[in-house]
Amino acid sequence: MRSQVTVTWGEPATYRFDLEEVQPMPHDQARAWLDQQFTAFDCEPIRLTGKVLTADKVLSVAQAAGQDRFREAAHRNWAMEFARASSAALAKPAVTVDLAAMSVGY
């Protein structure tokens, strides 16, 4: 199975990160990384209840980071960490983060 994270705002703003040759991130470390980024970007809970699901954190962090963090070579390390953390925290080898639809698919 392919191990990849895709972040898209709709074509042509689609960014794919291949994780086949990348060291997997431990689950706890992935959740901590996403928590730290969620706080650093001052993200708000998506749900009215205030509950923040892991998938919501992935969406919120990607949205707050913006396309430049995924597109520009200067931010490649951050984007790969996002991909590794998203895949590990969601425990899925293939993840699609669709910002246009505000959904995460597996």
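Keep in mind that the numbers below use all heavy atoms, side chains included, and drop hydrogens, waters and symmetry copies. Predicted model, so just to flag it, every value in this text is computed and none were measured.
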(message) Is there a side-chain contact (heavy atoms from CB on, under 4.5 Å) between Met102 and Ile46? Walk through the geometry before answering.
(response) CA-CA 10 Å; Met102 286 303 285; Ile46 294 172; 4.1 Å; yes

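- Between the CZ atom in Arg76 and the OH atom in Tyr15 there is a gap of 12.0 Å [rounded to 0.5 Å].
- Residues Gln37 and Thr39 bring no donor and acceptor atom of their side chains to less than 3.5 Å of each other.
- Taking each heavy atom of Ala79 and Arg69 in turn, the nearest pair found is CB-O, 3.6 Å.
- Contact detail for Ala65 and Trp78: the closest heavy-atom pair is CB-CH2, 3.4 Å.
- In this structure, a donor-acceptor pair under 3.5 Å is present between the side chains of Thr14 and Glu11.
- The shortest heavy-atom contact between Phe38 and Pro45 is CZ-N, 4.2 Å.
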(request) Might you work through the side-chain contact (heavy atoms from CB on, under 4.5 Å) test for Val7 and Leu99, ending with a clear yes or no? (result) CA-CA 7 Å; Val7 180; Leu99 281 302; 3.8 Å; yes

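- Under the 4.5 Å side-chain contact rule for hydrophobic residues, Val5 and Leu53 do not share a cluster.
- In plain terms, the two heavy atoms of Trp9 and Ala62 that are nearest each other are CZ2-O, 3.6 Å.
- Within the model, atoms CE of Met25 and CH2 of Trp33 stand 7.0 Å from one another, a figure rounded to the nearest 0.5 Å.
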(request) Dump the intermediate steps for side-chain contact (heavy atoms from CB on, under 4.5 Å) on Val97 and Leu59, then the final yes or no. (result) CA-CA 7 Å; Val97 182; Leu59 280 168; 3.9 Å; yes

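- Closest approach of Leu34 and Val61 over heavy atoms only: O-CG2, 4.1 Å.
- Looking only at side-chain heavy atoms (C-beta outward), His75 and Phe70 stay at 4.5 Å or farther from each other.
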(request) For the pair Val22 and Met80, evaluate side-chain contact (heavy atoms from CB on, under 4.5 Å) and give the outcome as yes or no after the intermediate values. (result) CA-CA 9 Å; Val22 178; Met80 284 301 294; 3.5 Å; yes

Side-chain donor-acceptor distances from residues 82-94 under 3.5 Å, at least two apart:
unit_1 : atom_1 : unit_2 : atom_2 : d
Arg84  : NE     : Gln23  : O      : 2.8
Arg84  : NH1    : Glu81  : OE2    : 2.6
Arg84  : NH2    : Gln23  : O      : 3.1
Ser86  : OG     : Phe82  : O      : 2.8
Ser87  : OG     : Lys92  : O      : 2.7

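- Residue-environment remark: CZ (Arg31) stays at or below the threshold of 12 foreign heavy atoms within 6.0 Å.
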